[in-house]
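The structure under discussion appears below in the form of structure tokens.
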Amino acid sequence: MAEAIVFYGLAALILGFAVLVISTRNTVHSALYLVVNFLLVAMLYVMLGAEFLAAIQVLVYAGGIVVLYLFVVMLVNLKRPPETHQDPRRQTRLGLALASALLAELAAIIVYSATGESAPAATAAAAAGADIAGGNVEQIGMLLYTNYLIPFEVASMLLLVAMIGAIVLAKREL
Amino acid sequence: MVDAIVIPLLKIVILLNAVLVAVSYLVLLERKVIAFVQSRLGPMRVGPHGILQPIADAVKLMTKEDITPARADRWVFTAAPIMVMVPALIVFAVIPFGPEVELFGRSVPLYITDINIGLLYIVSVASLGVYGIILGGWASNSKYPLLSSLRASAQLISYEVAVTMTLVSMILMAGTLSMVGIVESQRDASLWFIFAQPVAFAIFFIGGLAETNRAPFDMPEAEQELTGGFHTEYSGMRFALFFLAEYANMIVISSVATTLFLGGYLRPFPGVEGLAFLDLIPAWSWFVLKTFVFLYVFLWIRATLPRYRYDQLMRLGWKVLIPIAIGNVVVTGVAKVLL
């Protein structure tokens with residue numbers, strides 16, 4: 001019962017701050033709301049017993065990426081109001097299309113998890129395994145370097161490519 | 001009930017007060033140490049040898065006029081000092097000051113909590129402290145604070161990488177992320193990790209100086225070029241929060257260094273039986289003593305070394321410390337597998 005209250009409270013706050021992120025005109029305030037949003041999501045992870053994920057969420061997203069956003073916001077002059085597009089209803093149509101795509105995805109997930117037994121059972125088994133093997137740091141490490149080795153390595157290659165790309169763009173006369 | 005709520009709350013209250021008193025007296029200690037280095041006496045007027053100076057300072061700061069610049073972003077300007085202070089204080093939740101002790105017939109551990117991601121918690125909470133600095137400078141709506149806060153956050157982000165890499169090699173050594181576990185693994189190895197990882201210790205200490213914006217890396221507060229730093233527009237107690245957070249962060253870095261490298265609350269030479277009489281001294285006083293050694297070195301360096309230039313600082317961070325730290329992780333891993 002208490003868990004449900006905390007969950008719905010957190011979920012409401014997360015959604016509220018997410019709306020503030022996109023509705024605020026001041027870019028720095030928007031980035032700040034994003035930090036609060038990330039911290040609340042980290043709390044959700046703690047509730048699920050995924051402390052490692054929570055700490056990484058705070059360290060990487062709240063502590064690293066948004067700081068870089070703030071850098072960009074402060075270095076780039078954003079005083080100029082955004083130019084309005086010729087077609088004023090373009091944004092509405094685009095938004096509607098994207099929102100319905102998201103709705104379809106969410107509906108698919110709900111339908112799938114209601115009918116297919118496999119996914120929740122696997123999650124429960126993994127959670128039980130974490131209790132036995134002691135701490136989810138070791139658990140995540142084992143999974144990343146055995147079952148999910150290829151996605152893990154591909155993700156790191158992707159980051160490397162992005163890094164090299166950024167250096168090439170920034171230093172044209174290498 | 002008592003074990004779950006009352007004792008932790010009491011510990012939190014005692015710890016917060018102890019840390020804040022230590023922070024205010026650290027300011028006095030710094031003034032005294034620097035004064036002695038420069039053949040002066042330092043504060044002498046308030047109380048014997050200036051011992052009540054921190055209290056006089058607190059009264060002065062609280063009664064000062066609290067100014068918000070007219071063009072400042074009021075909300076962010078108010079929130080920034082809080083965002084600096086809070087991470088510096090909540091890090092103390094996982095720092096082990098001592099093992100479990102018997103107090104009034106109860107077994108009470110001398111730390112608030114021991115979580116299995118302790119070290120990661122410290123790193124992630126400490127990484128939030130940069131917001132107060134960057135937003136304080138931005139919200140002042142003033143040139144020099146903005147420049148200073150950009151410098152400060154670039155410096156923090158750069159040195160965070162090197163420091164975190166040294167922590168990885170310490171995790172490899174200890175095999176756990178729990179702070180108590182790291183201390184206990186030094187007891188099992190009967191070795192302070194500073195002797196096994198001198199390179200990691202050097203990088204951690206240099207990075208710690210840079211992350212707390214202390215001399216010789218006190219670029220964000222270079223008075224001569226920035227008229228003060230990111231807190232130029234702050235006055236009274238809000239300025240004091242920035243100031244105190246810097247000293248609280250010094251204590252954080254010192255106590256993390258003590259835990260990781262100097263065996264935390266363990267006595268010197270934890271494996272030598274002949275020195276067992278040293279266990280008569282309570283374990284927490286070893287911890288406090290070692291932490292103060294680090295704090296003293298912080299002050300000593302400030303009194304001795306001139307400030308780095310900004311490009312030298314960045315070059316040292318990215319081209320020297322980070323490669324060495326990564327190399328150290330690789331060497332530690334290989335040694336761990338082979339031994």
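Throughout, a chain's letter reflects where its sequence line sits, starting with A, and its residues are numbered from 1.
Among the candidates V130(B), T176(B), L135(B), the residue making the largest number of heavy-atom pairs closer than 4.5 Å to chain A is L135(B). Heavy-atom pairs under 4.5 Å with chain A peak, among I115(B), V125(B), D73(B), T164(B), at D73(B). In terms of heavy-atom pairs under 4.5 Å with chain B, the best-connected choice from N26(A), L59(A), L70(A), I56(A) is L59(A). Highest contact tally toward chain B, considering only L39(A), V60(A), L68(A), L32(A), is held by L32(A) [criterion: heavy-atom pairs under 4.5 Å].
Heavy-atom distances place no part of L156(B) under 4.5 Å from chain A, backbone and side chain included. I117(B) touches chain A through its side chain: at least one heavy atom from C-beta onward sits under 4.5 Å away, while N, CA, C and O do not. The contact between V123(B) and chain A is made by backbone and side chain atoms together, counting heavy-atom distances below 4.5 Å. Contact of V66(A) with chain B is made through backbone and side chain together, with heavy-atom distances under 4.5 Å. Only the side chain of I157(B) has a heavy atom closer than 4.5 Å to any heavy atom of chain A. Proximity to chain A (any heavy atom under 4.5 Å) is shown, for A154(B), by both the backbone and the side chain.
Taking the six-membered ring for Trp and the full ring otherwise, the centers of F52(A) and Y45(A) sit at least 6.0 Å from each other. The aromatic ring centroids of F92(B) and Y111(B) lie 6.0 Å or more from each other.
For the atom pair CG of L260(B) and OG1 of T166(B), the computed distance is 8.0 Å after rounding to the nearest 0.5 Å.
Side-chain contact, S149(B) with W138(B): no donor N or O sits under 3.5 Å from an acceptor N or O. In the model, Q197(B) has a side-chain atom that pairs as donor or acceptor with a side-chain atom of N328(B) under 3.5 Å. Using modelled atom types and a 3.5 Å distance limit, the side chains of D114(B) and S178(B) yield a donor-acceptor pair.
Inter-residue side-chain proximity for H29(A) and V76(B) is flagged as met; some heavy-atom pair is nearer than 4.5 Å.
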